[in-house]
Q: 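My structure is below; once you've seen it, I'll send some questions.
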Amino acid sequence: MSKVLINVANLVKHFTLATSNPFVRDKPVVRAVDGVSFTVSEGETLGLVGESGCGKSTVGRLILNLLPASSGAVEFDGHDILSMDSAGMRSVRKDLQIIFQDPHASLNPRMTVEEIILEPLYAQGHKRTPELRAYAAELLEMVGLPARFRNRHPHQFSGGQRQRIGIARAIAPKPKLVVCDEAVSALDVSVQAQVINLMQDLKAKMGMSYLFIGHDLAVVRHISDRIAVMYLGRIVEIARCDDLFSRPLHPYTQALMAAIPVAHPRLRHKRDRVRGELPSPLSPPKGCHFHPRCPFAQDICRSEAPQLRQMGDEHQASCHFAEDLPEKATAAQ
Amino acid sequence: MSSDTPILSIRDLTVDFAPKSGRLPAVSNVSFDVTAGEMMCVVGESGSGKSVTALAIMGLLAADTAISGNILFEGRDITRLSRREWQKIRGRQIGMIFQEPMTSLNPVFTIGRQLVETIRHHERVSVRAARDRAVELLDMVGIPSPRSRLDDYPHQMSGGMRQRVMIAIALICSPRLLIADEPTTALDVTIQGQLLDLLNDLRSETGTAIMLITHNMGVVAEVADRVTVMYSGCVAEQAEVMQIFDHPAHPYTSGLMNCTPKLTVTSAQLNTIPGSMPNPAAAPPGCLFAPRCELAIDACSEGRPAQVNLTGNHSSACIRAEMLLGESAE
Amino acid sequence: MIGYTVSRLLQAIPILFLVSLFAFGMIYLIPGDAATVIGGPEASAADLEEIRQNMGLNEPFYLQITSFYTNLFQGDLGKSLMLGTPVLDAIIDRTPITLGISIYSLSITIIFGLVTGIIAALNHNKLLDQIATLFALIGISLPNFWLALILIVLFSVHLGWFPTGGYVAFSESPIGWLKTTTMPAVALALLQAGLLTRITRSTMLEVLSQDYIRTARAKGLSEWVVVGQHALANVMMPVVTVLGLILSVLLSGSIVIEVIYNIPGLGSLMGNAILSRDFPLVQGGLISIAASLLFLNIVVDVLYFWLDPRIRIKSRD
Amino acid sequence: MQSHIEIDAVEDEPTGLARFYATARRFMRNRSFAIGAVLFGSVVLVTFLGPLLTDVSPNALSMRNRFQPPSFDNLLGTDNLGRDMFARVIYGAQLSLMIGTSVVILNAIFGVMLGALAGFYARLDNILMRIADALMAFPAVLLAIGIAAALGPSSMTAIIALSVVYVPRTARVVRSSVLVVKELDFVMAARASGATDFRIIMKHVLPNSMAPMIVQLSFVFAYSVLSEAVLSFMGLGAPPTVPSWGILISEGRAYMREAAWLTVVPGVAIAITALGLNLLGDGLRDVLDPRMKVEEG
C-alpha cells in the first residue's frame, strides 16, 4: 500500500450560533463535524458522500485550514496543519488545492483566465514571466480549452468551461491533494460526464490524490477508490468501493443505495424507503444518530453511540449490528 | 388505469421572450399529449425549454411573451381564454408544484393559512371546515401530526416537508392534471425517493395525470409511463418509457442515458456528449443537436428535422431515426 | 422578544456614548478661541470671560469632560446662551410643534410614497411607472427649502390661500393649524415621499419576482389577493425598516423649513442656536435628537422583529 | 485520452478602442444613464464653457440695470444690484461642482478604506461600525450645519462637514458589499492558495465590491450639491461674496414678489444637477449590478 498523504484524526467542528437574546448562557451549538477520522494515500481518491447538512463540505474546509477546527488533528505530508503558523501554512498550501461546486462564484469575474489560473502561483510569490505565461497556456490545453482563450473573462464561458478553468487553477501549483467540493454537482449530466473524465485523466497524468466530496453515490463511486459515508457529522462507514456496494454494513449506507433511482424501467420494484428526514444538527438524536430512521434499531442504539469498527480488510462501519446486517437486510426484503 | 383520451394536448407551441432579437425561441414547435391518469415525464437539461413549457400551460409567463400554437385542455384551447377564465382553470383543474420548496411558499403566512385560503377560494366552506380539510390533505401527503403543523411557518419545516405541503395545496381541487417541475431536484436522495413514491401513490388513488419535469434519467426510469425528451426548446423524441430505454431513436436520448454514471457498470471512462447546448444567439442552421452528434451527416445541417412517426406512439426528430431503431433491434 | 429588545437597548449604549462624545467635541472644532467665536465681534472682554466661566472653558480638559458627563447623567444639558433658560426645557417646549408637523408630513409621505411605489411596480416599465419614477426622482432632486419658497410665492403671495409663515397651535384653532402647517408639511414630505416611492417600488418588484408569488398565481388566486395580500405582506416589512431613515431626513429638513416658515419648533430652535453659536443648546439638541432617533430605530427594529415570523420564531426555538 | 473540448465558440472580446465603444454603447443603452449623462454633462459643459461665452463678471454692479427680467442682454436677468444672473449662476456652478467633487473624492478614499477594513476584519468591524452608527444617528443636514457652525463659514468647511456626514454612509455600502464578496468561492480559492490578506483585498475583494460604491458616489455627489445649497442658504457655507447657489436663493428671497427669477433660476440649476446625478446613479446601478438594492440616505 502506498504512503499515507493526509491523516485526519478525530476532527471536530462546532459552530456556536448567535442569538438575539443576551441572557441565554447556553448558545445553541451545531456539531457540524463530530469526530471524523480518515486517511488518504498518495495517488488515491477518497469519496466523501452524504446528504446536505451532514458536514462533508465542512470537513473539506477544515483540512484546508480555511476554517479553524474545534479540535482534532490533520497531518498532511508530515506537517501538523492545524497548529502551523501562517508562514508555514502558506508554503504547504501549494500542495493542497480545492475545486468548488458553483462555477459562477468560483472565478474572479474581474480577472482574465490566465490571471485566474496563475493566481495560486502569484500568491506563492512567483513573478509574471514568459515561462509562467507559457505554463498557463499549457494548463489550458491540459483541461481541454484552447490556449487562445487565456485573455478572456469568466463570463464568456459556459458552466462546464468555467469548471475546467477552476480545475486548471487547482492543478497549477502541482498539488499533492485536491479537495473536490461537489465539483460536478452543478453541471448538466452531459457536461458532468466530460468533467469527470477530465478529472480522471488529470489524476492519471499528475498522480495527485483527490478528496471527492459529493451527494450522488453513483458519481462518487465512479471516481473513487474508497468511499466514506457521512451522517450528521460522523462517518458511519468507510470501505473500498466494490466492498461497500457489495456488502454495505450500515443501515444508512443501505438506505442511500436503495434511494438511488434505477437505471432501467424494467428494474423498478417496490422498496422500503428509509423513513423520516435528517434530524436537526442542533439536537442530534442520542446514541446512534441514525436510530430514529433505522428499521433495525434496538434499545442499545438509542443509548449508546456506536464506534467505527474494523469489519474486514479496509472496511469500517459504526453500527452495533454490523455483523448481522447483511442477513437482516435480506430477511427484511 | 389510463385511457387514451388526452386531457392536455399541446400543438406547435412556440414561446419567444424576445421575438425580434433573432435569438432561438425558448420553446419552438413543441407538440405532445398527456392522457388521463398517466405519468408523463418531460426530460431535458437546463435550457431545454421544459420549465417554460410548463409555465406556458399555467399561463404564468410574463404578459409580453410571444406565445403561438395551441394548448388544448380537455378539448378547450386555453391560450384563447381570458385572464379570468384561465384563473379558474389554474389550481382547480391544473395544479402545479415547483422546484424550489424553500422559496415557493409565502414566508410570512402560516402553512394553514396558505392551505385554507386556497380551499376557500375554490369552495364555499367555513374556515373551520377548510381547516379540517387542510388537516386531511396534510395527512394524505404524509405529514406527521398535521393539525399541529397548521400554525407553523414555512421556515420551520424541512425542504421535503414543504414540498409535501406544496403537493397538498396542488391537490385541493383534485385537479385532472398535476404539473410537477423538478419537484425533487433540490432535495436529498432519500427524500427524493419518498416524494416520488408519494406522487405515484396519489396518482393511482386520485387518477390525476402527472406531467413530471426532470433532468434525471433515473427519475424517468423510476416513475414514467411515457417520456418526452426535449433539447434546446424542441422535442427530440417521445415514446413509452420501455421503448425509450430499449430502443432510443434520437442520438441525444441515448447520449443522455449513457453519460449518467451507473452503479451496475464500472468503466474507466464515462461516455460523454461532446460540447454543450447551442448558444440561443448563434443557433446552428439544421438539427440543433447536429454539432454535438457523432452520427451527424451533411443532411443534418440542412433545415430543422420534423418529427417522424415510428412505431405506435414513438416519434423522433432525427432524420436517421429509422437507422438507429434498426441498429438497436439487431 | 423581551430579550431582543433588551439586547438592542444594550447595543445602543456605546452608540449613545459616542454620540455625546461627538457633541461634546464639537466645541474643540472651533478654530482659535472658542469664546471669541461664541461671543461674536461685539463682545467685550468681560462678556468673553463670562462665557468662559459659564461653559467651563477655563477648566482643564479632564474637568470639562467629567462635568459634562456628570451633568448629562443628571439630565442637565446646560443653559442656553441665547435664551438664558435650561437647554432641556427649551427643547421640551418646542418639541410638540415639530412633532405635530412631522406626523402630518409623515402621513403625506406614507400615503403618497406607498401608493405611488406600488402603482409603479404593478405597471412596471409602462407609462404610469415612468411617471411615478420621474416624480420620485424630482422629489429627491429638488432642494426642499427652495420648494418652500416657491410654495410661498404661489400659494401665499399669488393665491393667498395660506399665510406666508407663523404658527397657530392646534388647540387654539385646528383650521389655523392646518393653514400654517400644510405648506411646511408638503415641502418636507417631498423628499421623503420620493425616497419611499423608490424603495417601495424596488421592494415590490423584488417581491413580485419571488417564487411564492408564482405559487399564489398557480393556486388560481385572483390577482387582487396575490398582490394585495401575498405581495403586500412581504413588501411592508422592509418598508417599515426605512421609517427610521425617513424620520431622520424629516428632522434634517425641518431646520431650514421651520426657519423659512417662521415656525417656533425644534428645527428653528436648532437653526437659530447654530446661527447664533449657542453651543450648549446645539450640543444638547444634537444629543437629544440623536438619542430619540436611536430609540425610534430600536422601536422600528423591534416592530420588524415582531412582524417577521422568520426572525421571531427562530429565536423562540 | 484527451477529453472533448466544448465545441461552441466563445464570444470574441473586443480590445482597445472597440472595447471602450462597446462599453459606452452598453451604458448609453440604459435610458436613465443616458438622460443623466446628458443632463449632468451639460451642467459641466456650461460651467466650464460659460465664462468663455459671457465676458460679464459675476460681481459687476450696474445700478441702472437692477431687476431686469431675463432678456437677450442678460440671459437670466439681473439682481437687486444689477449683477448678471447668468454669470452668477455659472460661478455658483463652479463652486457647487468643486465642493461636490471634493466630497466624492474624500468619500472614495476614506469610505473605501474604512469600509474594506470593517468588512474584511471582524475585529475592526465592531468599532468602526459603532462610530459610523453614532455619526449616522444625527440627521445629515443637522450634523453638517453643526460642524459648519463650529468651523466657521468657508468652502473648506462645507467640504469637511459634508464628508463627515457621508463617509460613514459610503463606508457602510462598501462594507456590506465586501462582506458578500469575501465569502465567494474565488476568495476562498485565493486563501487556499496562500494569498496574503493584502493581496486578497486588493486583487479579489475590492475590484468586485466597486459597483455599489460607484453608484453610491454618484448619489453622494447629488446629496452634496443639495446640502451645500442648504449650508450656504443658512450662511454657513461659502462666504457671501461668492455667488454660491444657496446664497443666490437666499438673496433672491427678499425680492420674490418682484423678481421671482432670482429665486427660481438657481433652484432650477440645483435641481437639474441633482436630477442628472441621481439618474446617473440609477443608470449605473442597473448597468453595473442589476441585483443591487436601492441604497438611499
Side-chain angles (χ1 to χ4, degrees), chain C residues 11 14-19 21-23 26-31 37 133 137-138 140-147 149-150 152-153 157 195 198-199 201-203 206 242 245 247-256 259-260 270-271 273-275 277 279 282 285-286 289-291 293-294 297, chain D residues 31-32 126-127 130-131 133-152 160 164 219 222-223 225-227 229-230 233-236 245-246 249-250 252-253 256-257 260 263-264 266-268 270-279 282 291 293-294 296-297:
Chain C
Q11 280 165 17
I15 301 175
L16 265 179
F17 171 71
L18 286 168
V19 161
L21 200 64
F22 291 148
M26 195 150 273
I27 297 243
Y28 295 93
L29 285 180
I30 301 174
V37 174
T133 312
L137 260 170
I138 291 175
I140 63 166
S141 303
L142 282 189
N144 54 6
F145 68 97
W146 177 77
L147 179 78
L149 294 173
I150 299 296
I152 292 178
V153 174
V157 178
L195 283 180
R198 285 159 64 88
I199 293 167
R201 174 177 176 272
S202 62
T203 314
E206 166 105 20
V242 300
L245 170 74
L247 274 169
S248 171
V249 175
L250 196 106
L251 281 172
S252 257
S254 69
I255 301 166
V256 62
V259 169
I260 287 175
M270 289 307 291
I274 286 167
L275 290 178
R277 312 273 190 278
F279 276 93
V282 173
L286 280 176
I289 290 175
L293 278 175
L294 272 175
N297 266 316
Chain D
R31 204 163 34 163
S32 291
N126 229 325
I127 306 162
R130 284 304 80 75
I131 295 175
D133 284 345
L135 283 172
M136 285 160 66
F138 301 108
V141 175
L142 182 61
L143 182 62
I145 291 178
I147 296 171
L151 288 174
I160 294 172
V164 171
F219 289 130
Y223 301 141
V225 170
L226 286 166
S227 307
V230 177
F233 178 79
M234 301 273 295
L236 294 165
W245 285 342
I249 294 178
S250 143
R253 190 183 166 192
M256 275 192 322
R257 285 159 205 262
T263 317
V264 172
V268 169
I270 297 171
I272 288 176
T273 314
L275 189 67
L277 285 163
N278 281 326
L279 277 166
D282 281 356
R291 293 290 310 157
K293 285 279 204 55
V294 188
E296 315 265 2

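A, B, ... follow the sequence lines: proteins, then strands. Residue 1 opens every chain.
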Q: So if I apply the side-chain contact (heavy atoms from CB on, under 4.5 Å) rule between D:L275 and each of C:I140, C:L142, C:L137, which one comes out positive?
A: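 Checked C:I140, C:L142, C:L137 against D:L275; only one passes side-chain contact (heavy atoms from CB on, under 4.5 Å): C:L137.
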
Q: Using heavy-atom distances under 4.5 Å, tell me whether D:L277 contacts chain C through its side chain, its backbone, both, or neither.
A: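 Neither part, no heavy atoms under 4.5 Å.
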
Q: Between chain C and each of D:A140, D:P266, D:G267, D:S250, count heavy-atom pairs under 4.5 Å; write down the option with the most.
A: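 The option with the most such pairs is D:G267.
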
Q: Do the non-hydrogen side-chain atoms of D:L142 and C:I274 ever get within less than 4.5 Å of each other?
A: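 Yes; the side chains approach each other to less than 4.5 Å.
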
Q: Relative to chain D, which segment of C:I260 carries a heavy atom at a distance below 4.5 Å: side chain, backbone, both, or neither?
A: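 Both parts, backbone and side chain.
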
Q: Under 4.5 Å from any heavy atom of chain D, what part of C:F279 do you find: side chain, backbone, both or neither?
A: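 Contact with chain D involves the side chain of C:F279 alone.
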
Q: Within the structure provided, determine whether D:I249 and C:F145 are in side-chain contact (heavy-atom separation under 4.5 Å).
A: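 With C-beta onward as the side chain, the pair touches.
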
Q: Quick one, D:F138 and C:V19 - any side-chain contact, counting heavy atoms below 4.5 Å?
A: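 The answer is yes, as the side chains (C-beta and beyond) meet within the 4.5 Å cut-off.
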
Q: Dump the intermediate steps for side-chain contact (heavy atoms from CB on, under 4.5 Å) on D:I270 and C:W146, then the final yes or no.
A: CA-CA 10 Å; D:I270 297 171; C:W146 177 77; 6.0 Å; no

Q: Could you have a look at D:A274, D:A149, D:A150 and say which one has the most heavy-atom pairs with chain C under 4.5 angstrom?
A: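 The answer is D:A150.
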
Q: Quick one: side chain to side chain contact (heavy atoms under 4.5 Å, CB included) partners of D:S32, sequence neighbours excluded?
A: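 Side chain to side chain contact (heavy atoms under 4.5 Å, CB included) check on D:S32 returns D:N30, D:L279, D:D282.
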
Q: Give me the atom names and distance for the closest heavy-atom approach of C:P14 to D:R130.
A: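 Of all heavy-atom pairs spanning C:P14 and D:R130, the closest is CG-CD, 4.5 Å.
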
Q: Is chain D contacted by the side chain of C:L275, its backbone, both, or neither, given a heavy-atom distance below 4.5 Å?
A: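 For C:L275, the contact with chain D is made by the side chain alone.
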
Q: Mind checking whether C:V259 and D:F233 have side chains closer than 4.5 Å, heavy atoms only?
A: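 Not in contact.
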
Q: For D:V225, is it the side chain, the backbone, both, or neither that has a heavy atom closer than 4.5 Å to a heavy atom of chain C?
A: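 Neither part; nothing is under 4.5 Å.
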
Q: Pick one of side chain, backbone, both or neither for D:A222, based on which atoms fall under 4.5 Å of a heavy atom in chain C.
A: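 When you check distances to chain C, no heavy atom of D:A222 falls under 4.5 Å.
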
Q: Taking C:L149, C:L251, C:V256 one by one, which has the highest count of heavy-atom pairs under 4.5 Å against chain D?
A: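 Of C:L149, C:L251, C:V256, C:L149 has the most heavy-atom pairs under 4.5 Å with chain D.
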
Q: Can you name the residues that form a salt bridge (charged side-chain N to carboxylate O under 4.0 Å, His left out) with D:R31, not counting sequence neighbours?
A: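 So D:R31 forms no salt bridge (charged side-chain N to carboxylate O under 4.0 Å, His left out) with any residue.
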
Q: In terms of heavy-atom pairs under 4.5 Å, which option from C:N144, C:N297, C:L286 contacts chain D the most?
A: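 Heavy-atom pairs under 4.5 Å are most numerous for C:L286.
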
Q: Do the side chains of C:I255 and D:I145 get nearer than 4.5 Å, heavy atoms only?
A: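 D:I145 vs C:I255: side chains touch.
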
Q: Distance check, rounded to the nearest 0.5 Å: C:L245 atom CG versus D:M136 atom CE?
A: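 Between C:L245 CG and D:M136 CE, I get 8.5 Å after rounding to 0.5 Å.
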
